[in-house]
Amino acid sequence: MARILITSALPYINGVKHLGNLVGSMLPADAYARYMRARGHEVLLICATDEHGTPAELAAAAAGKPVAEYCAEMHEVQKALGAGFRLSFDHFGRSSSARNHELTQHMAGRLYEAGLIEEVMERQVYSNADGRFLPDRYIEGTCPNCGYERARGDQCENCTKQLEPTDLINPRSAISGSSDLEVRETKHLYLMQSKMRGKLAEWIDTKIDWPVLATSIAKKWLNDGEGLQDRSITRDLDWGIPVKRGASVWPGMEGKVFYVWFDAPIEYIAATAEWADVNGLGDAAWERWWREDRGAEDVRYVEFMAKDNIPFHTLSFPATLMGTNFDGAEPWKLVDFIKGVNWLTYEGGKFSTSQGRGVFMDQALEILPSDYWRWWLLSNAPEGSDSDFTWEGFQGGVNKDLADVLGNFVSRVTKFCRSKFGEEVPAGGAYGAAEEAVIADLSARLKVYAAHWEAVELRKAAAELRAMWVVGNEYLQSAEPWAVFKTDPERAGAIVRFALNLIRLYGVLSAPFIPDASEAMLGAMGAEDAGWPEDVAAALSALPAGHGFKVPDNLFSKITDDAREEMAARFAGA
RNA sequence: GGGCCCGUAGCUCAAUUGGUCAGAGCAGACCGCUCAUAACGGUUUGGUUGGGGGUUCAAGUCCCUCCGGGCCUACCA
């Protein structure tokens with residue numbers, strides 16, 4: 001039994017997440033956690049809302065609420081939606097928690113002691129009308145290069161030229177539209193990542209099994225230009241974690257907060273502490289997952305995220321943890337494997353919150369149960385490259401895989417049995433060559449399935465699972481109990497007994513992808529406590545003769561063409 | 001501009017890291033079955049692996065080049 005720590009990239013607080021966000025980290029993390037738990041490993045799955053930063057403040061303002069109140073509400077909304085998608089987080093925390101305040105300040109203090117913090121005087125644009133400093137991209141103006149009037153302070157979307165806010169002609173606040181802007185000096189803390197470049201590079205070089213996406217992005221940042229750049233870890237904002245060295249004030253940094261990207265990854269750890277608190281477990285309980293000197297030396301830590309998160313998880317966060325351990329006193333657990341995925345697109349374009357384009361988590365659950373989405377998203381996860389959500393593809397995948405191959409199998413077996421033998425497992429006959437062949441086939445496929453999960457290959461695992469469902473239909477077709485029943489009811493009984501056991505087996509194997517349907521299958525078979533089939537032959541004899549079962553409602557209904565067209569129109573966006 | 005990834009059957013993707021006639025699923029065609037959600041099973045059509053050149057006994061896989069997509073390039077997260 002291994003100990004596996006799993007974190008999902010933190011969903012940002014400013015609204016309901018779309019299917020792309022879901023499949024980018026939370027859903028794969030959940031499926032992986034479910035599989036590993038099913039195999040008997042000790043698993044801890046951690047996620048949280050990422051609550052700091054300018055967009056959170058603006059979203060709160062737009063909603064007409066104090067930011068703390070807004071975040072608290074949105075946290076509950078996201079938590080409920082996660083539950084709706086059956087995301088089995090051991091804890092879904094908040095980056096604004098007291099634990100994270102304490103830990104973030106502690107780590108900053110340690111980095112200071114390590115000599116890895118530098119104070120830098122910056123010049124930033126301040127908006128008098130908005131009463132705040134504006135991040136580059138919140139300043140709009142005319143592009144000096146192409147004349148586009150809505151260029152942003154970081155880059156012109158029209159001509160793609162990279163800009164400084166001060167390059168813009170007629171600059172104005174993107175928030176209020178005010179042109180009452182001025183450049184002010186403000187002091188910030190920089191994490192001197194450049195000092196850790198060698199150490200980070202050496203560490204990355206050991207990660208030969210990571211997706212190219214992850215290592216290539218990390219190496220690019222390490223080696224590009226003058227190498228890894230030092231990075232500001234503070235901001236002039238109200239909402240956030242106040243800048244402190246541990247519990248002490250940080251002279252000259254009053255009124256400032258840590259940058260959201262500094263405190264968000266630390267929340268992985270803090271959320272684990274929150275988990276311990278909620279469960280009344282004490283510090284040792286979470287430290288054994290994160291501190292190599294306190295029990296975490298045998299933990300395998302796997303992170304899930306979309307590609308935009310990779311630099312922070314391969315460089316900034318490890319730099320923070322390594323720096324914090326400058327004297328060897330705090331050996332924090334570093335990530336062992338990063339599952340980085342690409343983007344999910346919507347009908348060939350981008351999901352867009354502002355234009356209402358694409359399907360968001362709340363809408364998805366209004367339309368169909370979570371299993372439909374989980375199956376399609378995971379079996380089409382954007383692993384190798386971006387993948388595209390289309391209603392036609394979704395309809396096809398769900399109807400064929402879930403309704404026809406799996407759902408119909410369960411239906412045909414249980415209904416046939418009920419009509420010929422009643423609602424209990426038939427007694428007669430014995431398994432023979434046909435059943436042995438299926439057992440051999442499934443045993444081999446189960447090994448492949450397990451190997452895909454070990455490698456975190458979602459699409460391949462899904463394909464193998466589907467192949468195992470197909471084996472059931474092939475078996476029924478060749479064994480044809482409906483014909484055998486007429487001449488040899490005993491033998492037909494054995495076939496049906498085997499098929500009922502297949503349903504139970506599928507219930508166990510399918511759970512990482514479609515937990516609700518799995519529960520329905522196991523419930524119908526009266527086998528809720530079924531464990532992983534280490535021995536397929538034994539697993540397919542688990543339901544004994546005379547064991548009662550129920551014919552479940554159809555596991556999945558099909559998406560009609562009319563329904564598909566209606567949804568396509570509804571979510572096409574403005 | 002610089003860097004990275006990708007281009008395989010009508011569609012979505014594989015291919016044990018250079019090694020049998022390049023494989024699946026969907027879609028199409030034909031056949032079978034009738035237990036089942038008009039579901040299932042079988043057979044089958046379909047590819048000069050984006051173009052060109054090179055290395056090698058051997059290239060989808062390595063090198064060069066061209067074409068066509070996508071992504072990243074750091075103070076929004």
Side-chain angles (χ1 to χ4, degrees), chain A residues 9-14 50 52-56 58 120 122 124-125 133-138 152-155 160-162 165 174 186 188 190 193 211-213 215-217 219-221 223-225 228-236 259-261 264 307-312 315-316 342-343 345 379-380 383-388 390 392-393 396-397 399-420 457 459-460 462-464 466-467 470 472-485 492 495-496 499 553-558:
Chain A
L10 309 185
Y12 197 66
I13 195 70
N14 68 340
D50 178 12
H52 299 135
T54 308
L58 297 181
V120 174
E122 293 184 348
Q124 293 205 339
V125 175
F133 282 96
L134 296 177
D136 292 355
R137 67 163 42 199
Y138 285 101
R152 293 189 322 207
D154 56 342
Q155 184 175 36
T160 73
K161 184 176 173 62
Q162 287 177 57
T186 175
H188 283 291
Y190 275 58
Q193 301 183 130
V212 246
L213 189 65
T215 47
S216 68
I217 290 177
K219 286 178 181 172
K220 171 75 192 314
W221 283 44
N223 302 319
D224 197 34
L228 190 61
Q229 301 297 299
D230 294 335
R231 206 180 161 82
S232 165
I233 58 164
T234 54
R235 290 290 182 277
D236 288 293
Y259 176 39
V260 56
W261 262 117
K307 57 187 170 187
D308 55 327
N309 273 264
I310 287 175
F312 303 100
L315 301 170
S316 311
N342 291 276
W343 304 118
T345 55
S379 62
N380 292 280
E383 291 178 299
S385 57
D386 290 355
S387 65
D388 190 31
T390 64
E392 210 174 315
N399 287 358
K400 198 70 200 172
D401 301 345
L402 297 182
D404 294 347
V405 176
L406 177 62
N408 182 57
F409 176 78
V410 172
S411 176
R412 66 195 295 207
V413 169
T414 52
K415 286 177 183 169
F416 179 76
C417 184
R418 180 173 61 186
S419 74
K420 305 299 183 194
E457 293 274 8
R459 299 174 78 119
K460 289 179 183 175
E464 199 56 37
R466 184 193 194 279
V470 168
N473 283 310
E474 288 171 350
Y475 167 74
L476 275 191
Q477 184 62 35
S478 63
E480 47 183 8
W482 47 89
V484 172
F485 182 78
I495 294 168
V496 171
D553 293 336
N554 283 343
L555 256 38
F556 302 97
S557 50
K558 295 201 196 193

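Chain naming here is simple, since letters A, B, ... match the order of the sequence lines and numbering starts at 1 in each.
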Notebook entry, point to check: What residues, two or more places apart in sequence or in another chain, satisfy ring pair (Phe, Tyr, Trp, His ring centres under 6.0 Å) together with Tyr12(A)?
Noted result: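 Counting only residues at least two positions away or on another chain, Tyr12(A) forms no ring pair (Phe, Tyr, Trp, His ring centres under 6.0 Å).
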Item checked: Nearest-angstrom distance, P atom, G7(B) to G51(B) ->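 That atom pair is separated by 13 Å.
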Margin query: Going by salt bridge (Lys or Arg N to Asp or Glu O under 4.0 Å), name the residues that satisfy it together with Asp401(A), two or more places apart in sequence or in a different chain.
Written below: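 Partners of Asp401(A) under the salt bridge (Lys or Arg N to Asp or Glu O under 4.0 Å) test: Arg466(A).
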Next item on the list: Apply the side chain to side chain contact (heavy atoms under 4.5 Å, CB included) test between Phe416(A) and each candidate in Arg418(A), Arg412(A), Lys420(A); give the one that qualifies.
Entry: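 By the side chain to side chain contact (heavy atoms under 4.5 Å, CB included) criterion, Phe416(A) pairs with just one of Arg418(A), Arg412(A), Lys420(A): Lys420(A).
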Note to self: Please tell me whether Lys307(A) and Asn342(A) have a donor and an acceptor in their side chains that are separated by less than 3.5 angstrom.
What the structure shows: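 Yes - a donor-acceptor pair under 3.5 Å links their side chains.
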Margin query: Using heavy-atom distances to pick each residue's nearest nucleotide on RNA chain B, tell me which of Ser387(A) and Lys307(A) is more 5'.
Written below: Ser387(A)
Notebook entry, point to check: For Leu555(A) and Leu402(A), what are the C-alpha separation, side-chain angles and deciding distance, and is it a side-chain contact (heavy atoms from CB on, under 4.5 Å)?
Noted result: CA-CA 8 Å; Leu555(A) 256 38; Leu402(A) 297 182; over 6 Å; no
Notebook entry, point to check: Base of U61(B) relative to its sugar, syn (within 90° of 0) or anti?
Noted result: anti
Under 4.0 Å between any heavy atoms, over every strand shown, what does [X] touch: base, sugar-phosphate, or nothing? Just pick one.
| X | result |
| --- | --- |
| Ile310(A) | nothing |
| Pro481(A) | nothing |
| Lys219(A) | nothing |

Below 3.5 Å between N/O atoms, which protein atoms pair up with nucleotides 4-10 of chain B? Just atom names and distances, please.
{"residue": "C4(B)", "atom": "O2'", "partner": "Ser216(A)", "partner atom": "OG", "Å": "3.4"}

Note to self: Walk along nucleotides 29-39 of chain B from 5' to 3' and tag each nucleotide B, S or - by protein heavy-atom contact under 4.0 Å, base first, then sugar-phosphate.
What the structure shows: ---BSSBBB-S
Check: Does a nitrogen or oxygen in the side chain of Arg235(A) sit under 4.0 Å from OP1 or OP2 of A77(B)?
Finding: no
Note to self: For C75(B) and Tyr190(A) - does any side-chain N or O of the residue sit under 4.0 Å from the phosphate oxygens OP1/OP2?
What the structure shows: no
Margin query: Using every non-hydrogen atom in the two residues, find where His188(A) and Asp236(A) come nearest and quote the distance to one decimal.
Written below: NE2-OD2, 2.9 Å
Checklist line | Watson-Crick and G-U pairing of RNA chain B written in dot-bracket, each distance under 3.5 angstrom, with | for inter-strand partners | finding: (((((((..((((.....[...)))).(((((.......))))).....(((((..]....))))))))))))....
Check: Would Thr345(A) and Asp388(A) count as a side-chain hydrogen bond (donor to acceptor under 3.5 Å, both in side chains) if you check the C-alpha gap in whole Å, the side-chain angles of each, and the deciding distance to 0.1 Å?
Finding: CA-CA 5 Å; Thr345(A) 55; Asp388(A) 190 31; 2.8 Å; yes
Under 3.5 Å, which protein N or O atoms sit close to an N or O of nucleotides 42-46 of chain B? Give each pair with its distance.
{"residue": "G42(B)", "atom": "OP1", "partner": "Glu474(A)", "partner atom": "OE2", "Å": "3.2"}

